[in-house]
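Here's the structure we're looking at; comments come further down.
Computed from a predicted structure; not experimentally measured.
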Amino acid sequence: RVVSALPRACSHLPGIPAATCVCRDNNPDIARAGSLHEFLLALHREKGPVVQFRIGATAFVSLASAEAFFDIRSLFDRPLDLFNAFLPMIGPGSLQLTNGSDAAHRRKLYAPSFSAASIRGQYIAKFFSL
């Protein structure tokens, strides 16, 4: 699942109605569901593979399928607040905490190592040999 900051241009996405999104964050709904994961599962079941929701004043978009990625592929930056809890584990230089041109540059460098061809060619055979 990909979660990203939701720009105003994407406010037409399904999910929490726009009128309630403006004034209301979904933290109470997340707490009632038991976790962000459970909240998103329920929201996706009800609204589909691309949904919007709010945590505090920040609007987010969540994807429940790889195919849905193509609907929002132009969104690149992620809301860094979402990863603050993990900062002690991943460190301030983590790709998870990088946006903008730095993230795009690093992604371009890292992506070839994680392509399907690379994984099949280098890692799968090694995995099965262990």
Side-chain angles (χ1 to χ4, degrees):
R1 173 166 302 148
V2 175
V3 179
S4 184
L6 180 66
R8 290 186 191 275
C10 292
S11 61
H12 66 280
L13 294 172
I16 308 302
T20 57
C21 275
V22 173
C23 303
R24 178 176 163 254
D25 88 75
N26 295 114
N27 273 321
D29 303 318
I30 294 166
R32 268 192 303 280
S35 68
L36 176 60
H37 177 73
E38 292 299 325
F39 168 74
L40 290 175
L41 287 176
L43 190 59
H44 283 294
R45 271 194 302 274
E46 181 184 338
K47 301 293 183 180
V50 181
V51 297
Q52 64 179 345
F53 64 100
R54 286 191 177 264
I55 296 177
T58 305
F60 296 90
V61 63
S62 174
L63 307 176
S65 72
E67 295 80 21
F69 174 75
F70 292 102
D71 294 336
I72 63 148
R73 66 179 168 251
S74 63
L75 301 177
F76 186 77
D77 289 347
R78 293 171 306 225
L80 300 181
D81 293 346
L82 200 61
F83 301 99
N84 280 343
F86 303 106
L87 187 59
M89 290 187 303
I90 61 178
S94 169
L95 185 59
Q96 290 291 346
L97 296 171
T98 309
N99 278 331
S101 60
D102 184 33
H105 174 72
R106 290 170 64 181
R107 183 175 181 182
K108 192 179 219 179
L109 292 174
Y110 301 156
S113 298
F114 297 102
S115 70
S118 178
I119 290 171
R120 270 193 302 277
Q122 296 180 38
Y123 305 115
I124 298 295
K126 195 171 282 188
F127 175 79
F128 284 112
S129 71
L130 298 175

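Atom CG of L40 and atom CZ of R45 lie 10.5 Å apart (nearest 0.5 Å). Here the straight-line distance linking atom CG of D29 with atom CG of L36 works out to 11.5 Å at 0.5 Å rounding. The CZ atom of R32 sits 9.0 Å away from atom CG of N26, with the distance rounded to the nearest 0.5 Å.
Smallest separation of non-hydrogen atoms from T98 and R106: OG1-NH1, 3.0 Å. Pairing each heavy atom of H44 with each of S62, the nearest pair is NE2-OG, 2.9 Å. P112 and L109 get closest at one heavy-atom pair: CD-O, 3.5 Å. Residues L43 and Q52 come closest through the heavy atom pair CD2-O, 3.8 Å. Shortest non-hydrogen contact noted between I55 and D25 is C-CB, 4.1 Å.
Note: F53 and F60 have parallel aromatic rings, judged against thresholds of 30 and 60 degrees for the angle between ring planes.
The shortest side-chain heavy-atom distance between P92 and L87 falls under the 4.5 Å cut-off.
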